[in-house]
Amino acid sequence: MGKTKILSFISAAFLLIGISSCNSTKNLIVPHSVSTAEAVPAQALNLTKGDYDIMASVSESASVTVKYSGKSMVVTSGDGDFAYYFSYDKKAGWSLSKFKGTANFGYLLPEGTSYSDMPEAEEFARRVAIARLIEVVKDYGADGVLEPIVTTRATNAGNKIVEYQATVTAKIIKIHTTAN
């Protein structure tokens with residue numbers, strides 16, 4: 001497939017998502033679990049260098065594969081943890097037809113923490129990567145993350161198939177109990 005066809009396909013996929021989001025069913029419930037962590041800009045801490053320790057710089061990734069067809073979409077995790085099957089009806093909009101497994105979504109507060117509309121496909125990869133980062137924060141016994149960077153990349157994985165790869169990188173910190 002030529003570069004022009006790949007770019008056209010990806011553009012069409014994004015257009016499909018954008019158009020379908022405008023006409024989607026309100027309050028679409030996607031079963032998932034949620035993890036949250038406070039993301040703090042370094043300047044907002046108002047702490048001196050000795051008030052906290054940077055425990056580590058960590059990165060976590062997640063990927064999902066999305067297969068599009070005229071009136072359906074399947075979102076599958078790269079590691080097989082979950083699969084969500086959506087269908088589209090002109091009158092009702094998007095609906096969740098069935099699912100296998102459950103995604104663990106993460107949010108770096110003060111982001112919103114719920115879907116009230118059809119989630120964008122790349123959102124699945126991003127939220128799973130953030131949840132994995134939060135698990136690392138918990139495993140370290142850290143207090144939070146400093147200035148996280150989240151990136152998402154989309155690649156054409158075949159006919160009407162797009163793979164989304166998300167990576168989140170942050171410094172995890174421990175605040176000393178004697179800090180102001």
Side-chain angles (χ1 to χ4, degrees), residues 1 4-39 59-138 145 148-168 170:
M1 186 180 285
T4 304
K5 283 187 175 183
I6 291 171
L7 291 174
S8 296
F9 171 74
I10 291 174
S11 296
F14 284 119
L15 182 60
L16 173 66
I17 292 168
I19 290 170
S20 63
S21 292
C22 294
N23 297 325
S24 60
T25 303
K26 298 293 181 198
N27 300 318
L28 176 66
I29 297 172
V30 177
H32 64 282
S33 60
V34 174
S35 300
T36 60
E38 192 71 35
S59 286
E60 289 295 323
S61 297
S63 67
V64 298
T65 301
V66 184
K67 184 171 183 172
Y68 300 94
S69 67
K71 295 188 179 197
S72 67
M73 177 173 73
V74 179
V75 179
T76 309
S77 72
D79 52 13
D81 286 348
F82 61 83
Y84 292 95
Y85 301 82
F86 298 95
S87 59
Y88 183 76
D89 177 85
K90 272 185 165 179
K91 293 181 183 177
W94 284 102
S95 63
L96 181 63
S97 305
K98 64 181 180 173
F99 66 97
K100 295 177 185 174
T102 305
N104 182 20
F105 290 160
Y107 296 87
L108 297 170
L109 300 176
E111 293 178 308
T113 57
S114 66
Y115 288 128
S116 60
D117 214 343
M118 177 68 183
E120 293 184 25
E122 61 87 19
E123 187 84 6
F124 281 85
R126 187 168 23 141
R127 295 295 168 203
V128 170
I130 291 171
R132 290 176 179 171
L133 176 82
I134 292 168
E135 285 299 315
V136 170
V137 170
K138 187 175 83 174
V145 298
I149 298 170
V150 182
T151 58
T152 307
R153 179 181 50 134
T155 56
N156 186 347
N159 185 25
K160 297 183 181 181
I161 301 171
V162 177
E163 181 181 1
Y164 294 92
Q165 177 76 33
T167 302
V168 59

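Along the sequence shown, the residues carry numbers beginning at 1.
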_How close do Val162 and Ala154 get, counting heavy atoms only, and between which atoms?_
CG1-CB, 4.0 Å
_Phe86 CZ to Leu96 CG distance, which is reported to the nearest 0.5 Å_ = 5.0 Å
*asked:* Using every non-hydrogen atom in the two residues, find where Ser97 and Ser87 come nearest and quote the distance to one decimal.
replied: OG-OG, 3.0 Å
*Using the test side chain to side chain donor-acceptor pair (under 3.5 Å), find all partners of Thr167 that sit at least two apart in sequence or belong to another chain.*
Ser61
*Is Lys98 close enough and on-axis enough to Tyr85, meaning under 6.0 Å and within 45°, for cation-pi?*
yes
_If I take atom OG1 from residue Thr76 and atom NZ from residue Lys67, how far apart are they, to the nearest 0.5 angstrom?_
10.0 Å
*Excluding sequence neighbours, so at least two apart, what forms side-chain contact (heavy atoms from CB on, under 4.5 Å) with Ala166?*
Ala125, Arg126, Ala129, Thr152
*Looking only at heavy atoms, what is the nearest atom pair of Phe105 and Ala131, with distance?*
C-CB, 3.7 Å
*For the residue pair Tyr84 and Phe99, categorise the inter-ring angle as parallel (less than 30°), tilted (30 to 60°) or perpendicular (more than 60°).*
parallel
*For Lys100, what residues pass the salt bridge (Lys or Arg N to Asp or Glu O under 4.0 Å) criterion, not counting sequence neighbours?*
none
*Please report the closest heavy-atom contact between Ser69 and Lys160, naming both atoms and the distance.*
CA-CD, 4.5 Å
*Dump the intermediate steps for side-chain contact (heavy atoms from CB on, under 4.5 Å) on Ile161 and Val66, then the final yes or no.*
CA-CA 6 Å; Ile161 301 171; Val66 184; over 6 Å; no
*Atom CZ in Phe124, atom CZ in Phe82: separation rounded to 0.5 Å?*
6.5 Å
*asked:* Going by side chain to side chain donor-acceptor pair (under 3.5 Å), name the residues that satisfy it together with Ser77, two or more places apart in sequence or in a different chain.
replied: Asp79
*Apply side-chain contact (heavy atoms from CB on, under 4.5 Å) to the pair Arg127 and Tyr107, showing each step before the final yes or no.*
CA-CA 7 Å; Arg127 295 295 168 203; Tyr107 296 87; 3.3 Å; yes
*asked:* As an exercise, state the distance from NZ of Lys71 to OH of Tyr88, rounded to the nearest 0.5 Å.
replied: 8.5 Å
*What residue among Leu108, Asn104, Val145 forms side chain to side chain contact (heavy atoms under 4.5 Å, CB included) with Ile130?*
Leu108
_Run the side chain to side chain donor-acceptor pair (under 3.5 Å) test against Thr151 and tell me which residues pass, sequence neighbours left out._
none
*Nearest heavy-atom pair of Arg132 and Asp81: which atoms, and what distance?*
NH2-OD2, 4.1 Å
*Under the side chain to side chain donor-acceptor pair (under 3.5 Å) test, which residues partner Lys138, sequence neighbours left out?*
Glu135
